Structures are given as C-alpha cells and as structure tokens.
Undergrad: 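Let me begin by handing over the structure; questions about it come next.
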Amino acid sequence: MEGTIVILGSGTSMGVPTLGCDCRVCVSTDPRDRRLRPSIAVEWPQDGTTRRVIIDTGPDFREQALRESIRHIDAVLYTHSHADHILGLDDLRPLTFLARDKAGAKAKVPLYADDNTAVILERIFDYTFHPDSPYPNKARVDLHRLEDSIQVGGVTFVRIPLMHGNLEVAGFRFGNAAYLTDMNAIPESSMELLNGVEIVIMDALRKTHHPSHANIDEATAWVGKLAPRAAYFTHMSHDILHAETELELAAPIRLAYDGLRIPIEL
Ligand SMILES: [Zn+2]
Ligand SMILES: [Zn+2]
C-alpha cells in the first residue's frame, strides 16, 4: 500500500530562525531554511479517508497542523519526553473533540509513549491524565505504554530503540521507511530491526560534534551502514544552510525541509 511521510518540522529544539540570531541561515530567504520543531505525519488512504499517525507533537504542532490541513489523527507516537517533542500535546484538543469511531460515536485518540516518556507526560499534563481532573476541555486521549510494536489501521509501527546520549528513545519503522530522530547511536539489535529499510529520516543536528545528536558526518556514516535507497536528514540547527549543505552531500542523502512529502510503501 502506498503511503506518505509529511515532514511537519525539520528543525532542532530552538527552531530556525533561532530567536535573537542574525546568522546567514536565520536571515535566509530560502523557505527550506525555516524549520519548525521536529515532527512527521505518516499518512495512507483507507476506506475513502486518510489515515494519519503523528510522531511527536512539539511546540509548533498547531502551526504544522494548520499548514497541512490536518483535521483527523488516528494515533500519536512519542519518541521521548524532551520539550521539542511533547509540548504541543495540548493542541491536540480540538482534533480529539472531533474524533469518532467507525460507528460515529465519540472516541478518544490513542497516544503511545514508553514508560519514561509516559510518566513525564502524565506529570506535565496532569489536568489531562489525572482520573480526578475536573477540567472539562481536556484532550480526549488515551495514553498507552509503547510496546515493541503497535498496529494502527492495519499498519505496523515497530519501535526502534536508539540512544540519545544516555537516554534511550524510540525510533519507528513502518513499511519500507524509518524515522530515527534524536539519536547518536543505533544499538546492534536495532540495526537488525532496520534490515532492508529503504527510506530513512535521520537526525543530523549540525556539522560539529554534539553529545546526544548525530552530526552530519555521523549521520552520513549511519546511512552508509543502513544502505537505504533514500535518506533525509532532519532535526537541523542554524548551522546548516539548506542549498549549500545539500551540495556537499552524496546520494542517497538529501536534507528534509518543512512540508516535504516522501512517498513510502506500507
Ligand atoms: Zn529533539
Ligand atoms: Zn542563527
């Protein structure tokens, strides 16, 4: 089945332009140098509608959903609990109010997060998750613990453990594609889960070393090991001028940009 990855945001935690910065990337007029916080949508057609899974809801989620005319979400998967990946959870509210099951009854939107992430989501958004919360307009969501894989509308999303410095985070594989953000190491057991992957979206923060993100050279080396048909770098800082950096990269690597749509097979 044909599906699509939509790059909702290709930027690092501070976004690009970065507040208070006048560097050449932050003042660039190339729209590909404007990067919202990191997130993707995975979409596929089913029963005459678009099924959609969002991976991470960062602080720009509302802007991203408006830009891409997102009105329906089947599930949200979380990679980890850092602010740039979770702070848009509350902006799911109006979309969760619209959620219906197949019979047309009101339904909750499932969220999936590993144990560490779920505990933090429950603390930050306690007015949403606490069973005694009296808040009437809380998001209509169900928070599930992320297992090794989950099914959404018949599509399997496999959790890919990755190392983000000392923190284990979740990457995801779905069909012939994988989303591997906020990481600087892929454990050997996860390399097996990525066997045969054809399209990879990968963290490549900047050109210089960072203790918990892959830089361009490290990400390029990981792409070499995975040997996909196409690789797109994401979670990029204002170190990276799109047009210039892309000329420095060899096939099959490209830079992602906000709004990019990548065809995949699910
Ligand atoms: Zn991040
Ligand atoms: Zn800058």
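Counting starts at 1 for both ligands and their atoms, in listed order. This is a predicted model, so every value here is computed, not measured.
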Undergrad: Can you confirm whether Asn176 sits close enough to Arg229 that some side-chain heavy atom of one is under 4.5 Å from a side-chain heavy atom of the other?
TA: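 Yes, side chains in contact.
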
Undergrad: Looking at Pro31, is its backbone amide N or carbonyl O close enough to the side chain of Arg34 to form a donor-acceptor pair, meaning the two atoms are under 3.5 Å apart?
TA: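 Flag not set: sc Arg34 to bb Pro31 has no pair under 3.5 Å.
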
Undergrad: Do the non-hydrogen side-chain atoms of Val158 and Ser149 ever get within less than 4.5 Å of each other?
TA: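 Answer yes - side chains close enough.
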
Undergrad: Are the side chains of Trp222 and Ile186 in touch, meaning some heavy atoms are under 4.5 Å apart?
TA: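 Yes; the side chains approach each other to less than 4.5 Å.
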
Undergrad: What count do you get for protein N, O or S atoms closer to the Zn ion (ligand 2) than 2.8 Å?
TA: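 There are 4 of them.
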
Undergrad: Near the Zn ion (ligand 1), which protein N/O/S atoms are found at less than 2.8 Å?
TA: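 Per the 2.8 Å query on the Zn ion (ligand 1), atoms found are Asp84 OD2, His85 NE2, Asp182 OD2, His235 NE2.
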
Undergrad: For His80, run the side chain to side chain contact (heavy atoms under 4.5 Å, CB included) check against Asn116, Val169, Thr181, Ile120 and tell me which one passes.
TA: Val169

Undergrad: What do you reckon, is CG of Asp101 surrounded by more than 12 foreign heavy atoms closer than 6.0 Å?
TA: yes

Undergrad: Is a salt bridge present between Glu218 and Lys207, judged by a nitrogen-to-oxygen distance below 4.0 Å?
TA: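 The answer is no: the pair does not qualify as a salt bridge.
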
Undergrad: Can a donor-acceptor pair be found between the side chains of Ser13 and Asp84 at a distance below 3.5 Å?
TA: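 Checked: Ser13/Asp84 side chains show no N/O donor-acceptor pair below 3.5 Å.
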
Undergrad: Would you say the side-chain atoms of Thr220 and Asp217 include a donor-acceptor pair closer than 3.5 Å?
TA: no

